[in-house]
Amino acid sequence: MPELPEVETSRRGIAPHIEGREVERVTVRDGRLRWPVPSNLAQLLEGETLLTVARRGKYLLLQFPQGHVLVHLGMSGNVRIVSSQEVAVKHDHVDILFAGDKILRLNDPRRFGAVLWAPGEVAEHELIRHLGPEPLSEDFTLERLYQRSRKRKQAVKAFLMDSRVVVGVGNIYANEALFKAGIRPSKAAGLVSKVSYERLFDEVREVLMRAIEQGGTTLKDFVGGDGKPGYFKQELLVYGRAGKPCAVCRKPLKEIRLGQRSTVYCTSCQS
DNA sequence: CAGCGCCCCTGCCCGC
DNA sequence: TGCGGGCAGGGGCGCT
């Protein structure tokens with residue numbers, strides 16, 4: 001579910017409700033996420049004021065005076081703002097209650113997500129420090145992308161999804177960007193031309209920006225911080241469309257597996 | 001180091 | 001209707 005656009009949508013949805021508010025109570029119903037939720041999380045947060053809600057790659061960063069709560073949504077997670085009137089349902093694992101009856105509630109059926117405490121400088125945290133540039137920032141440049149790709153034999157799709165290369169591009173948007181750039185996903189990253197990387201660079205940014213505008217992609221159950229689904233699904237050109245006609249040439253789209261992930265492309269438009 | 005599978009977990013869909 | 005198999009938006013880890 002959550003790639004960069006969905007995490008950014010979540011961030012925008014929750015931030016106005018909780019920034020500047022004090023934490024009154026933390027409830028952990030099931031702390032068995034990817035890593036155990038710190039058992040002292042309540043102790044750390046209660047009485048502290050949330051300064052900002054930021055994002056780095058697919059991580060949400062809740063900034064407090066002494067450190068950050070790092071939230072990752074994994075494959076199936078979402079966060080929303082609810083009131084204490086709303087009864088917790090299955091898979092509502094963590095609540096952070098803020099002053100003014102605003103609850104930040106994490107729901108994550110598959111529990112691949114994470115809620116961690118990162119004291120001090122968050123950029124130095126082990127899960128953050130090796131991350132590549134933000135695709136929508138000026139740190140992400142064509143030159144850097146192209147240079148990193150040289151001599152790399154792995155498929156360009158896997159290269160694009162490598163968070164050390166660029167953050168936030170997951171399976172949906174990798175498929176979409178490669179289609180729009182006319183590049184075959186299985187082609188070795190090091191053999192893709194400079195001109196193709198120019199297109200890819202632009203399309204990655206374009207597709208992510210457009211998806212954010214649409215509130216992300218809801219395939220099944222993603223909701224942003226306001227509880228609403230995203231509308232980018234209707235703009236998907238290849239993901240989930242195997243066998244259906246290519247939007248450009250009408251030839252049926254082909255599906256293969258790359259790194260255990262569904263990969264859909266047009267054999268005639270992508271080379 | 002690069003690159004590739006294997007998992008973690010629940011839910012859902014499909015075929016029998 | 002029930003059940004087994006496969007697949008799902010991520011990514012750390014261990015192995016070659």
Side-chain angles (χ1 to χ4, degrees), chain A residues 1-10 29-37 55-60 70-79 89-94 106-116 125-132 135 147-178 185-191 207-208 211-212 214-224 229-243 255-264:
Chain A
M1 173 220 316
E3 302 183 35
L4 187 150
E6 291 74 36
V7 179
E8 179 60 19
T9 297
S10 299
R29 296 185 194 80
D30 189 345
R32 297 171 306 156
L33 302 187
R34 165 131 212 182
W35 296 282
V37 176
R55 181 188 57 73
R56 180 75 176 92
K58 296 173 188 167
Y59 290 92
L60 285 169
L70 211 142
V71 178
H72 197 288
L73 302 177
M75 290 274 265
S76 59
N78 67 68
V79 284
V89 298
K90 200 173 186 184
H91 306 307
D92 281 342
H93 303 312
V94 178
L106 171 75
N107 182 283
D108 185 4
R110 293 175 73 181
R111 291 191 276 113
F112 288 176
V115 175
L116 297 170
H125 190 275
E126 261 323 291
L127 294 172
I128 303 290
R129 55 186 285 224
H130 304 291
L131 294 179
Q147 286 309 327
R148 277 210 72 152
S149 74
R150 292 306 88 183
K151 296 187 179 171
R152 291 193 68 158
K153 295 180 181 173
Q154 72 179 157
V156 62
K157 178 167 176 256
F159 173 70
L160 191 59
M161 291 175 66
D162 183 340
S163 65
R164 292 164 301 182
V165 173
V166 59
V167 296
V169 184
N171 199 36
I172 295 179
Y173 300 110
N175 275 296
E176 296 299 309
L178 286 162
S186 54
K187 190 162 182 176
L191 297 180
V207 77
L208 294 176
I212 291 170
Q214 294 300 299
T217 299
T218 295
L219 292 179
K220 204 167 62 90
D221 50 15
F222 170 75
V223 290
Y231 298 103
F232 193 72
K233 184 180 179 185
Q234 59 201 60
E235 298 186 28
L236 296 177
L237 299 178
V238 286
Y239 184 85
R241 298 195 67 248
E255 177 165 26
I256 59 169
R257 313 228 113 233
L258 276 182
Q260 295 93 241
R261 288 181 186 265
S262 160
T263 303
V264 186

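Convention: sequence-line order gives letters A, B, ...; per-chain numbering from 1.
The aromatic ring of Phe112(A) is stacked on the base of dG10(C), with the two ring centres less than 5.5 Å apart and the planes inclined by under 30°.
For Met75(A) and dC7(C), the CE to P distance is 13 Å, given to the nearest whole Å. A straight line from CZ of Arg129(A) to C1' of dG12(C) spans 16 Å, rounded to a whole angstrom. If you take NZ of Lys157(A) and C1' of dC4(B), they are 14 Å apart, rounded to a whole angstrom. Distance, Leu73(A) CG to dC9(B) P: 19 Å, rounded to whole Å. Note: CG (Leu258(A)) to C1' (dG5(B)) measures 14 Å, nearest angstrom. With rounding to whole Å, Leu33(A) atom CG is found 15 Å from dG12(C) atom P. At whole-Å resolution of the value, CG in Asn171(A) and C1' in dC7(C) are 12 Å apart. The distance between atom CD of Gln260(A) and atom P of dG12(C), rounded to the nearest whole Å, is 15 Å.
Considering only side-chain atoms of Arg257(A), the nucleotide from dG10(C), dG3(B), dC7(C) that sits closest is dC7(C). Checking dA8(C), dT10(B), dG12(C) against every side-chain atom of His91(A), the shortest atom distance belongs to dT10(B).
A side chain to side chain contact (heavy atoms under 4.5 Å, CB included) with Tyr59(A) is found for one member of Leu131(A), Val167(A), Val7(A) and no other, namely Leu131(A).
Listed pair Arg152(A) / dC1(B) fails the phosphate criterion, with no side-chain N or O lying under 4.0 Å from OP1 or OP2. At the phosphate of dG11(C), OP1 or OP2 sits under 4.0 Å from a side-chain N or O atom of His72(A). Within the structure, a side-chain polar atom (N or O) of Gln154(A) is placed less than 4.0 Å from OP1 or OP2 of dG3(B). Between Arg111(A) and dT10(B), a side-chain N or O to OP1/OP2 separation shorter than 4.0 Å is present. Using a 4.0 Å cut-off, no side-chain N or O of Arg32(A) falls inside it from OP1 or OP2 of dC9(B). The phosphate of dG11(B) (OP1 or OP2) has no side-chain N or O of Lys220(A) nearer than 4.0 angstrom. Using a 4.0 Å cut-off, no side-chain N or O of His130(A) falls inside it from OP1 or OP2 of dG12(C).
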* If you write DNA chain B from 5' to 3' in dot-bracket form, with Watson-Crick or G-U pairs under 3.5 Å, [ ] for crossing pairs and | for pairs with another strand, what do you get? -> .|||||||.|||||||

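Residues Val238(A) and Glu176(A) have side chains in contact (heavy-atom distance under 4.5 Å, counting atoms from C-beta outward). Side-chain contact between Arg34(A) and His72(A): absent, with no pair of heavy atoms (C-beta onward) separated by less than 4.5 Å. In this structure, Ile172(A) and Glu6(A) have side chains that are not in contact, with every pair of non-hydrogen atoms separated by 4.5 Å or more. In this structure, the side chains of Val79(A) and Val94(A) stay at 4.5 Å or more apart for every pair of heavy atoms.
Taking atom P on both dG6(C) and dC6(B), the two are 13 Å apart, rounded to the nearest angstrom. Comparing dG5(B) with dC7(C), their P atoms are spaced 15 Å from each other, to the whole Å.
In this structure, the side chain of Thr263(A) engages the main chain of Arg261(A) through a donor-acceptor pair within 3.5 Å. For the pair Asn171(A) (side chain) and Ser262(A) (backbone), a donor-acceptor distance under 3.5 Å is present. Formation of a donor-acceptor pair under 3.5 Å by the Arg55(A) side chain with backbone atoms of Gly57(A) is found in this model. Asn107(A) places a side-chain N or O within donor-acceptor distance of the main-chain N or O of Lys90(A), the cut-off being under 3.5 Å.
For the pair Arg261(A) and Arg148(A), nearest-nucleotide mapping onto DNA chain B gives the more 5' position to Arg148(A).
The residue Tyr59(A) sits close only to the backbone: its heavy atoms come under 4.0 Å of sugar-phosphate atoms, none of a base. Using a 4.0 Å heavy-atom criterion, one finds that Lys153(A) contacts the sugar-phosphate atoms exclusively. Residue Lys233(A) is out of contact with every strand shown, counting any heavy-atom pair closer than 4.0 Å.
DNA chain C is contacted by no residue of residues 159-169 of chain A, taking any non-hydrogen atom closer than 4.0 Å.
Counting heavy atoms of neighbouring residues, nucleotides and ligands inside a 6.0 Å radius, atom CZ of Arg29(A) exceeds 12 of them.
Between Asp162(A) and Arg148(A) there is no salt bridge, since no side-chain N of the basic residue sits under 4.0 Å from a carboxylate O of the acidic one.
One can find a donor-acceptor pair under 3.5 Å joining the base of dC9(B) and the side-chain atoms of Arg110(A).
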